[in-house]
2 protein chains.
Amino acid sequence: MKLKKKRLEVIREIINTRKIGCQVELLQPLLDMGIDVTQATLSRDLKQLKIAKVPDSTGRYIYTLPKEEGMGGNVRYTPALDRHPIVGLGGFLSISFSYNLVVIKTSPGYAGSIAYDIDNGNSKEILGTVAGDDTILIILAEGISHEEAYTALSKYVPALRTQ
Amino acid sequence: MKLKKKRLEVIREIINTRKIGCQVELLQPLLDMGIDVTQATLSRDLKQLKIAKVPDSTGRYIYTLPKEEGMGGNVRYTPALDRHPIVGLGGFLSISFSYNLVVIKTSPGYAGSIAYDIDNGNSKEILGTVAGDDTILIILAEGISHEEAYTALSKYVPALRTQ
DNA sequence: TCATAGTGTGTATATTTATTCCTATTTTCT
DNA sequence: AGAAAATAGGAATAAATATACACACTATGA
């Protein structure tokens, strides 16, 4: 049915935008959009969308969208939503460190452009990068701490700047 | 308490290893390890560990560990189930280690799919991978031994299983 | 056409999960 | 040491979530 497709999109939109802590909290926003369903339907929808309830850092729970899957998966997001996956983060997903290496995970397709920016920055802390489709490997200069690297990278990755 | 620290580790281990669909399913494995607690405690533990219950692609729910991150970043979860398997024995050629790096050689064209599975495994030992056509570079987390890495990788590369 | 299969959803309910209330134990501070 | 605060965890229960069942509607095919 047409209604369902629309509803799933709206649910994704809401989950992506606001902090929703339980399914009934989702009912009102949907009603505001003219969508009237029951909690049971939401439970089924969230399952289908692979939306998970995760403990956040403030001791509460919030629903979050799944990380996008590559070709293997059966989840297909609409192109429209796909284009702005996480507004403002420019594809950035996570950063982690191991000695003189940094690994940045991005949404599929974003690794190249982010790595390009980092490479062109000519930061002395960063020797170079290697990028795949959704992963960037960054090699740090000798003696650079993770904090220094983080600061240097934040110049090229807006999502790393502390709010 | 010392008990709790231990328990949290064991819980992580179990969640990482088996498919647990609800909290009571976790009680028995813990009991087998000599840990006797109630569901209420598990609820609190899972919250603290930021372990989420995620819908997988087979229509069931699975608890999964959060993706390890460095400092910044938003938390996203990999939909469960692409976790294990696939990857026919074909493709794998060799594995070698150098400090916090692993290089896996594959037949031409296989590197990407094997790396894909490794990436989606969310192993805490593995920060990420970069794949070419027949070579995969894997970055290990700090403090991970080659043995631990081997074990972690064997979950995704059947050829590594000793059996 | 009518049967059959498939999808979508509400209601009611079962199941699962989080929390409230309480007690015990440990840690911190004076 | 003793008081006060923090931490841990069980029992009971509230809250949240998933599902069994029923029914409506759509598409398909003989």
Side-chain angles (χ1 to χ4, degrees), chain A residues 1-16 18-66 74-78, chain B residues 1-16 18-66 75 77 79-81:
Chain A
M1 270 185 170
K2 201 73 180 165
L3 297 175
K4 181 174 180 184
K5 193 158 177 291
K6 178 88 174 188
R7 188 180 65 238
L8 293 186
E9 274 181 40
V10 174
I11 288 174
R12 280 180 54 81
E13 174 72 20
I14 294 172
I15 295 295
N16 208 12
R18 320 192 201 179
K19 297 200 174 188
I20 301 294
C22 75
Q23 295 177 1
V24 293
E25 281 180 32
L26 201 48
L27 291 176
Q28 189 57 49
L30 282 171
L31 239 176
D32 295 344
M33 303 285 287
I35 298 173
D36 186 8
V37 288
T38 63
Q39 172 269 323
T41 299
L42 291 188
S43 173
R44 292 183 271 243
D45 288 351
L46 295 185
K47 181 175 187 175
Q48 196 172 342
L49 290 169
K50 300 202 194 325
I51 287 173
K53 191 187 182 187
V54 304
D56 74 3
S57 28
T58 71
R60 323 212 53 216
Y61 294 85
I62 59 172
Y63 279 99
T64 81
L65 299 173
N74 57 356
V75 181
R76 296 276 163 242
Y77 298 149
T78 71
Chain B
M1 269 188 167
K2 195 159 73 158
L3 298 175
K4 183 174 179 185
K5 193 157 178 297
K6 180 86 175 190
R7 187 179 65 237
L8 293 186
E9 275 180 39
V10 175
I11 289 174
R12 267 184 175 286
E13 175 69 20
I14 294 173
I15 294 296
N16 206 18
R18 320 193 200 178
K19 298 196 177 190
I20 301 294
C22 76
Q23 295 177 1
V24 295
E25 280 179 31
L26 201 49
L27 291 176
Q28 189 57 49
L30 282 171
L31 240 175
D32 295 343
M33 303 284 286
I35 299 174
D36 186 8
V37 288
T38 63
Q39 171 269 323
T41 299
L42 291 188
S43 174
R44 292 185 270 243
D45 287 351
L46 295 185
K47 182 176 188 174
Q48 195 172 342
L49 289 169
K50 300 204 192 323
I51 287 174
K53 193 185 182 189
V54 184
D56 74 5
S57 3
T58 69
R60 321 207 47 231
Y61 295 85
I62 298 190
Y63 278 100
T64 80
L65 298 173
V75 183
Y77 283 77
L81 184 69

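These numbers were taken from a predicted model, which means no experiment stands behind them. Quick note on labels: first sequence line is chain A, next is B, and so on, each numbered from 1.
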(Q) Does a side-chain N or O of A:K47 approach OP1 or OP2 of D:dT19 to a distance below 4.0 Å, or not? (A) yes
Q: Provide the closest heavy-atom pair for B:I51 versus A:P55 in the form atom of the first, atom of the second, distance.
A: O-CD, 3.6 Å
**Q.** Any B:S43 side-chain nitrogen or oxygen under 4.0 Å from OP1 or OP2 of C:dA18
**A.** yes
Q: Could you walk me through whether B:T64 and B:D56 pass the side chain to side chain contact (heavy atoms under 4.5 Å, CB included) test, one step at a time?
A: CA-CA 10 Å; B:T64 80; B:D56 74 5; over 6 Å; no
Q. Ignoring hydrogens and angles, are the base of C:dG10 and the side chain of A:R44 linked by a donor-acceptor pair under 3.5 Å?
A. yes
Q: Please state how far atom CG in A:D45 lies from atom C1' in D:dT19, giving the value in whole angstrom units.
A: 14 Å
Donor-acceptor pairs are to be reported for all side-chain atoms of residues 25-41 of chain A against protein atoms at under 3.5 Å, with residues two or more places apart or in another chain.
residue, atom, partner, partner atom, Å
A:E25, OE1, A:G21, N, 2.9
A:Q28, NE2, A:D32, OD1, 3.0
A:Q39, NE2, A:Q23, OE1, 3.0

Q. Are A:V54 and A:I62 side-chain neighbours, meaning at least one heavy-atom pair lies under 4.5 Å?
A. yes
(Q) I want to verify a distance call: between C:dT19, C:dG10, D:dG10, whose nearest atom is closest to the B:T38 side chain? (A) D:dG10
Q) Given atom CZ of A:R7 and atom P of C:dT7, what is their separation to the nearest angstrom? A) 15 Å
Q.
Once rounded to the nearest 0.5 Å, what's the spacing between atom NZ of B:K6 and atom CD of B:E9?
A. 6.5 Å
Q. Rounded to the nearest Å, what distance is computed from the NZ atom of residue A:K5 to the P atom of nucleotide C:dG8?
A. 12 Å
Q. Can you check the A:Q48 CD to D:dT17 P distance for me, whole Å?
A. 18 Å
Atom pairs, N/O to N/O, protein against nucleotides 13-16 of chain D, distance under 3.5 Å?
residue, atom, partner, partner atom, Å
D:dA16, O3', A:K53, NZ, 3.3

Q. For the residue pair B:Y63 and B:C22, what are the closest heavy atoms and their distance?
A. CE1-CA, 3.6 Å
Q. Taking atom P of C:dT9 as reference, at what distance in whole Å does atom CD1 of A:I35 sit?
A. 10 Å
Q) Going from NZ on A:K19 to OH on A:Y61, what distance comes out if it is rounded to the nearest 0.5 angstrom? A) 15.0 Å
Q: Find the distance between CG (B:L46) and CD1 (B:I15) and round it off to the nearest 0.5 Å.
A: 6.0 Å
Q.
How many whole angstroms separate atom CG of B:L42 from atom P of C:dT16?
A. 13 Å
Q | Whole-Å distance separating the CG atom of A:L8 from the P atom of C:dT7 | A | 14 Å
Q. What integer distance in Å separates B:L46:CG from C:dT17:C1'?
A. 10 Å
**Q.** Dot-bracket encoding of pairs in DNA chain D, which uses [ ] for pseudoknotted crossings and | for another strand, Watson-Crick or G-U under 3.5 angstrom
**A.** ||||||||||||||||||||||||||||||
